[in-house]
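Just so we're on the same page: letters track the sequence lines, and every chain starts at 1.
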Number of protein chains: 2
Amino acid sequence: MTNKIVPGQRGRPRSFDEAEVLRRAQKVFLEQGFEATSYEDIALAMGLSKPSLYNTFGDKTALFERSITNYVDHAREQIMASFTTAPDLAEAAKQMLLAAADVYAEPDKPSTGCLLVGTALPGCAQNEQLRNALSGFIASLDADLEKLIAERFGADVRALGKTARELSLLISGLLFSLAVRARTGVTRRKLRKAAIELAVILT
Amino acid sequence: MTNKIVPGQRGRPRSFDEAEVLRRAQKVFLEQGFEATSYEDIALAMGLSKPSLYNTFGDKTALFERSITNYVDHAREQIMASFTTAPDLAEAAKQMLLAAADVYAEPDKPSTGCLLVGTALPGCAQNEQLRNALSGFIASLDADLEKLIAERFGADVRALGKTARELSLLISGLLFSLAVRARTGVTRRKLRKAAIELAVILT
DNA sequence: ATAATTTTGTACGATACCGTATAATATAAG
DNA sequence: CTTATATTATACGGTATCGTACAAAATTAT
């Protein structure tokens, strides 16, 4: 027997970066919606052709699912960061909502909102895999938040006279509500103002 | 000059009811989304043919807009009803959220959620008319809520130490967050439980 | 250098859906 | 009874998009 063939890096090299494609796909899906985005739209946005996308990511649904997964991972990190650094619960919620506002709206442009709430959510009614992905994300987000709140912000929980579970449900809900508002095209300034006003409930 | 022609009721009579078409269209749009719903789907759901829909409602976008308008009107009424009858603010919010939960999820079926949040929202990024309709609805909902809260629940506002504006923003946000959760297919029972837990923040 | 392998872009077939033209049907008016 | 009017259903043309087949291009291994 000869040596195993180690593929190494044969053939013509790729002209694009997978992570970059996912970022652009997220942007296009966010702006146009899943159904209204043609596969060619994304290829054009990347300056490459459809077959390249097919070979790498599979069909449109598969590319969308990878985009969502990637987005969810980043979102979870960002959310958790606020709750591990802020000094108190109200400040943590405020920081999280302000960070979200900056993701949902670029400066001086109408906001486009959240890829999950604005684009993935509608598909849940028909696509079971998507439904499970989103409900799983929400459930684990609530669970992580509850745990973190109970561990780090016990004093705030007692002062507010609510349970950690109620507060985690509320806080994730504040985020969803901001995402809904963000989809209606408000300015970043207004969105940040709403974020601050929403966080007031925790003071 | 002869008499003016009073059209009366000439020609073949309609075989359907406009309000009924709107109700069914809302259901189909909610379950499938705007893009994924073909005009024929709605015609079939009504047991009639496409040209009948075109003659009465115009194209798919026009039918969708009428569906949304109709839905918004009913939603506003239902929401306001809770805030004009309940004895205190927490109870009003709870009643509103429970009523919403019952709209978002039929008994013993996975919830399909809210037509605005679940179906219309994604279209906002591309369709300015839709964006204006939704942002207008939210703005007027917030304004109406703020007014009603200031008028009827002044004692609760003072006890909570927040402004009527902050509370109205919060309460509409609780509704949006419930609508997001509802789209992930939870049972009515779970959705009602979440509604009750969310309303706790106002006690 | 030659062969093998992988990616790339153009071009294509298949399918689905939109919106409408056309003719038949059902009612009111003369 | 005949005419005018409005709605209905079938059928069709046009368009867009999906996913792929094919050959050219770019790289590694022998």
Side-chain angles (χ1 to χ4, degrees), chain A residues 1-22 24-25 28-29 31-67 119 122-123 126-127 129-130, chain B residues 1-22 24-25 28-29 31-67 119 122-123 126-127 129-130:
Chain A
M1 287 288 274
T2 58
N3 294 346
K4 268 188 182 174
I5 295 171
V6 181
Q9 201 78 351
R10 288 266 280 258
R12 182 169 176 170
R14 289 220 174 124
S15 66
F16 60 90
D17 176 54
E18 285 197 18
E20 178 64 21
V21 170
L22 287 181
R24 299 243 194 156
V28 178
F29 279 133
E31 286 170 357
Q32 306 192 349
F34 174 73
E35 306 280 354
T37 298
S38 87
Y39 215 96
E40 197 146 21
D41 287 340
I42 295 167
L44 282 175
M46 284 300 300
L48 48 87
S49 62
K50 269 189 297 179
S52 296
L53 284 183
Y54 271 93
N55 288 338
T56 311
F57 298 98
D59 66 11
K60 195 168 83 159
T61 302
L63 174 58
F64 184 62
E65 278 159 6
R66 284 206 49 186
S67 300
T119 299
Q126 289 282 314
N127 183 336
Q129 189 171 349
L130 191 56
Chain B
M1 286 288 274
T2 59
N3 294 346
K4 267 189 181 172
I5 296 170
V6 180
Q9 201 77 353
R10 287 265 282 257
R12 182 169 175 170
R14 289 222 173 121
S15 65
F16 61 89
D17 176 54
E18 285 198 17
E20 177 64 21
V21 169
L22 287 181
R24 298 243 195 156
V28 179
F29 279 132
E31 287 170 358
Q32 306 192 349
F34 174 72
E35 306 280 354
T37 298
S38 86
Y39 215 97
E40 196 145 22
D41 287 340
I42 295 168
L44 283 173
M46 284 300 301
L48 47 88
S49 62
K50 268 190 297 179
S52 296
L53 284 183
Y54 272 93
N55 288 338
T56 311
F57 297 99
D59 66 9
K60 195 168 82 159
T61 301
L63 174 58
F64 185 61
E65 278 160 6
R66 283 206 49 184
S67 300
T119 298
Q126 289 281 315
N127 183 335
Q129 188 171 350
L130 191 55

Side-chain atoms of residues 43-58 of chain A: list all donor-acceptor pairs with protein atoms under 3.5 Å, sequence neighbours left out, distances to 0.1 Å.
unit_1, atom_1, unit_2, atom_2, d
A:N55, ND2, A:P51, O, 3.2
A:T56, OG1, A:S52, O, 2.9

### Message
Checking B:E65 now: which residues fulfil side-chain contact (heavy atoms from CB on, under 4.5 Å) with it, not counting sequence neighbours?
### Response
B:T61, B:N127, B:Q129
Would you list the protein and nucleotides 1-5 of chain D atom pairs, both N or O, that sit under 3.5 Å from each other?
unit_1, atom_1, unit_2, atom_2, d
D:dT5, O4', B:R10, NE, 3.4
D:dT5, O4', B:R10, NH2, 3.3

### Query
With A:R12, which residues qualify under side-chain hydrogen bond (donor to acceptor under 3.5 Å, both in side chains), at least two apart?
none
### Summary
Between B:A25 and B:I42, the two heavy atoms sitting closest are CB-CG2, 4.3 Å
### Query
How far does CD of A:E18 sit from CZ of A:R66, to the nearest 0.5 angstrom?
5.0 Å
### Query
Is there a residue in residues 13-22 of chain B whose heavy atoms reach under 4.0 Å of DNA chain D, and which residues are they?
B:P13, B:R14, B:S15, B:F16
## Note on the structure
B:F34 CZ to C:dC18 C1', in whole Å, measures 11 Å
### Task
Rounded off to whole Å, could you give me the CG-to-C1' distance for the B:N55 and D:dA6 pair?
9 Å
### Query
Any donor and acceptor pair, going by atom type alone, linking the side chain of B:T119 with main-chain N or O of B:F29 inside 3.5 Å?
yes
### Query
Residues two or more places apart in sequence or in another chain: which of them pass side-chain hydrogen bond (donor to acceptor under 3.5 Å, both in side chains) with B:D41?
B:S38
### Query
side-chain hydrogen bond (donor to acceptor under 3.5 Å, both in side chains) with B:E31: which residues, sequence neighbours excluded?
B:K27
### Task
Would you mind reading off the distance between B:Q32 atom CD and C:dA16 atom C1', rounded to a whole angstrom?
14 Å
### Query
How would you list, by chain and number, every residue that makes a salt bridge (Lys or Arg N to Asp or Glu O under 4.0 Å) with A:E35, sequence neighbours excluded?
none
### Query
With the sugar-phosphate defined as primed atoms, P, OP1 and OP2, and the base as all remaining atoms, what B/S/- string results for nucleotides 14-19 of chain D, 5' to 3', for protein heavy atoms under 4.0 Å?
---SBB
### Task
Please name all residues satisfying salt bridge (Lys or Arg N to Asp or Glu O under 4.0 Å) with B:E40, sequence neighbours left out, ordered by chain then number.
none
